[in-house]
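For reference, the structure is listed below as C-alpha cells.
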Amino acid sequence: MMGATYTTASSVEDAVAAMAAGARPVAGGTDLVVGARQGKKPLPQALVGIHKIPGLDGIGESDGGLVLGALVTHSALVSHPIVRGRFTGLADASAIVGSHATRANGTIGGNLMNASPAMDTGAPLLCMGATVELAGPGGRRTIGLDELWAGPGQLSASADELLVSVNIPAPSPGTGSAYVRLQYRRQMEIAVVGAAAVVTLGGGAVMDARIAITALAPTIHRVPDAEAALVGGPPDEARVDAAAAAAAAAARPIGDVRASVEYRRAMAVVMARRAIMTAVARASGQDMAIPASDSTYGS
Amino acid sequence: MKYEIILTVNGVAYPVEVDAHASLLHTVRDQVGLTGSKEGCDDSECGACMMLIDGRPVNSCSYLACQADGAEIITVEGLAPGDDLTPLQSAFLAEGGVQCGFCTPGMLISATALLAANPEPTPDEIRVGLSGNLCRCTGYDGIVRAVSKVARG
Ligand SMILES: Cc1cc2nc3c(=O)[nH]c(=O)nc-3n(C[C@H](O)[C@H](O)[C@H](O)COP(=O)(O)OP(=O)(O)OC[C@H]3O[C@@H](n4cnc5c(N)ncnc54)[C@H](O)[C@@H]3O)c2cc1C
Ligand code: FES
Ligand code: FES
C-alpha cells in the first residue's frame, strides 16, 4: 500500500486533474481536516491542496455585482467595504464563522462545498441569487446554489468538479440584506437556527423579498410563501409577522443535542423576523451593526 | 508516502519529511523540536496550538504540514527576538494573564494576530477575538487586561 498522498495544485486544471484521479481538494482545511480530527470522517487517502492556485483569492466587482474567488476567506469578506456596504448579509454570516483563526483560513468555496444545512454563508448568498462556477474535466458550468446542494453534506456537483468562483448579481437600488442565527455563544458556534432576508424597498413598499432558512431542513432553501407575504405593501408589523410565520411553517427541523424540534420551530419565527427587520432597516438606509446576530445575544 | 517539505519557523528553514496527513503541530513539536505550541484538544476547539502562517492565526493541530510548505511560520518562541519579551508577553506576566501556562503560547499568538488586525480593541472585542482560545485557570480577566494594556500603548 502506498499510504496517503498529497499534492499541491498550481492551477485549476491541475486541481481538476488530481480530483479526476480521486483526490479530494483541501483549501483552508477548517472543515475537512478538523472533521477528520474529530473522528467524523477519516481524512481522504488522496489530497490536493488548492490553497496556492493563483487568482482564486480575489474579490472583484462586475456590473455592480461581485465575483468571489473560491479561496476568498471569511476574514477577507468581513473586512471588504463593498461586501459590508451592499452585500451586508454575507458580511453578517462570515463575521460569525468560528473564531478569528477559522475565518483567516476558512474559504467561501469550502463553506459552500461542505453542503452543511447549517453553513452560515449559504442563506444570504442564496437570497442574493448567487451562482457558482464549477470546473470539471469536461469544462466549466455555472449553476445556482439551489441546484448545488442535494442534501446534508451532499452536492449535485461531482467529485471531480472544483468550485472556481461565486458570482453575486448587483442588488437593485433600495435593497438591504441580513443574516441572523440563533447562537448560544457569539463565536465558536454553529447555527442552531438561522435566517436570511434580502429586501428591496420602493416608495415605502416592499418591491421584492427573498427569505431563506438555515439549519431547519436538509438543505438551506428559500421560502416563496414568506417572500410573497412580505411583498406588495409597507413592511409593517402584520406583513413582517406573516412572512416570519410562513418561513417557520416551511421548517422541517431535526431534534438533536443542540435543540429540540419544537425549540427550533419556535425560534425559526424569531430569527426570520429579526432577519427581515434588519434587512428592512438596512434597505431604508439605517446603519445596523455587523454581525446582525450580535444583537440577538443575551437579549 | 513521505514528502520532503521545508517549514520556515521563526525565520529558520527546517527541511523535514512528513506523511500526507501529518499535522503542522506534531511536525513542529516532534521534528523541528519547538515544543512551545501545545496540544490541548487536537481538533480546533482550544487554540493552544495556534501559530501564525504568513501572518494568519492558524490552529496548527488541524492544519496539514504539507500545506505549510514554504510559508513563514511564527510560533510563541519566535514572537520576541532573543531573550527579551514583547510588550504583550510582559503585560501577560504583569497582569496575571498566566497561571499554569498551557494556554499561553496560543493566547499570545492569537492576541498578536488580534492586535495586528485591530490595534485598539475594546475589552469586548478582545473577549470575542480570543474566544477560540480556552484557558482553564485565569478566568480570562488577567488576559483581557494584558491585551488592553498593550492596546492602549
Ligand atoms: C472551530 C470551527 C468553527 C466553525 N464554525 C463555523 C460556523 O460558525 N459557520 C460555518 O458555516 N462554518 C463553520 N466552520 C466550518 C468551516 O470553517 C467553514 O465551512 C469554512 O468556510 C470551510 O472552508 P475551508 O477552506 O477551510 O474548507 P476545507 O476544509 O478546505 O474544505 C471543506 C470541503 O469543501 C471541499 N472544497 C473546498 N474548497 C473547494 C473548492 N474550491 N471546490 C470544490 N470543493 C472544495 C473540500 O474537499 C471539503 O470537502 C467551523 C469550523 C471550525 C473548525
Ligand atoms: S490543540 Fe489545536 S485547537 Fe486545541
Ligand atoms: S493559564 Fe492555565 S490554561 Fe490558561
Side-chain angles (χ1 to χ4, degrees), chain A residues 1-9 23-40 42-52 57 73-76 78-79 95-107 183 185-189 289 291 293-294 297-298, chain B residues 1-5 18-26 39-71 106 109-118 121 124-134:
Chain A
M1 200 185 124
M2 190 172 155
T5 62
Y6 173 88
T7 55
T8 305
R24 187 78 174 274
V26 49
T30 62
D31 215 66
L32 193 66
V33 181
V34 176
R37 304 207 87 75
Q38 293 174 339
K40 279 187 208 150
L43 260 181
Q45 280 298 104
L47 293 166
V48 53
I50 61 171
H51 59 302
K52 287 187 178 161
D57 62 355
T73 61
H74 296 289
S75 323
V78 184
S79 58
I96 54 177
V97 170
S99 70
H100 69 155
T102 324
R103 293 189 292 278
N105 297 285
T107 63
Q183 50 190 6
R185 49 187 184 180
R186 287 187 288 178
Q187 299 265 292
M188 300 296 285
E189 176 64 305
S293 290
D294 262 3
Y297 183 73
Chain B
M1 197 165 153
K2 293 275 186 195
Y3 294 89
E4 285 175 23
I5 59 169
V18 296
D19 287 325
H21 286 178
S23 74
L24 179 60
L25 176 64
H26 287 167
E39 179 177 309
C41 63
D42 199 27
D43 71 8
S44 248
E45 293 291 336
C46 75
C49 63
M50 226 177 254
M51 300 179 186
L52 298 177
I53 300 186
D54 294 330
R56 303 183 325 267
V58 174
N59 288 320
S60 66
C61 68
S62 307
Y63 199 79
L64 299 174
C66 283
Q67 280 197 284
D69 186 12
I109 291 283
S110 193
T112 301
L114 172 69
L115 289 168
N118 177 3
D124 189 58
E125 286 169 339
I126 295 169
R127 286 182 188 276
V128 169
L130 298 182
S131 51
N133 298 83
L134 302 184

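First the proteins, then the strands, lettered A, B, ... as listed; each starts at 1.
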Between [X] and [Y], what is the shortest heavy-atom contact and its length?
X      : Y      : result
B:A113 : A:H100 : CB-CE1, 4.0 Å
B:S62  : A:V33  : O-CG1, 3.1 Å
A:A27  : B:Q67  : O-NE2, 2.9 Å

If we ignore hydrogens and angles and just use 3.5 Å, is the side chain of A:N105 paired with the main-chain N or O of B:P57 as donor and acceptor?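 Looks like yes, one N/O pair under 3.5 Å.
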With a 4.5 angstrom heavy-atom cut-off, which part of B:D19 approaches chain A: side chain, backbone, both or neither?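 Neither the backbone nor the side chain of B:D19 comes within 4.5 Å of chain A.
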Option that, when pairs with chain A are counted at under 4.5 Å, heavy atom only, ranks first among B:S131, B:G55, B:A117, B:G70: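 Sorted descending by pairs with chain A, the first entry is B:S131.
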Tell me, for A:L47 versus chain B, whether the close heavy atoms (under 4.5 Å) come from the side chain, the backbone, both or neither.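 Contact with chain B involves the side chain of A:L47 alone.
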Could you tell me the separation between the OG1 atom of A:T102 and the CG atom of B:N59, rounded to the nearest 0.5 Å?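 So the gap between those two atoms works out to 6.5 Å.
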Select all residues of residues 44-54 of chain B having any heavy atom within less than 4.5 Å of some heavy atom of chain A, and report them by number, or 'none'.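 The list, in residue order, reads B:S44, B:E45, B:M50.
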Partner of A:Y6 by side chain to side chain contact (heavy atoms under 4.5 Å, CB included), out of B:L64, B:D69, B:V18: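 Running side chain to side chain contact (heavy atoms under 4.5 Å, CB included) over B:L64, B:D69, B:V18 with A:Y6 returns exactly one hit, B:L64.
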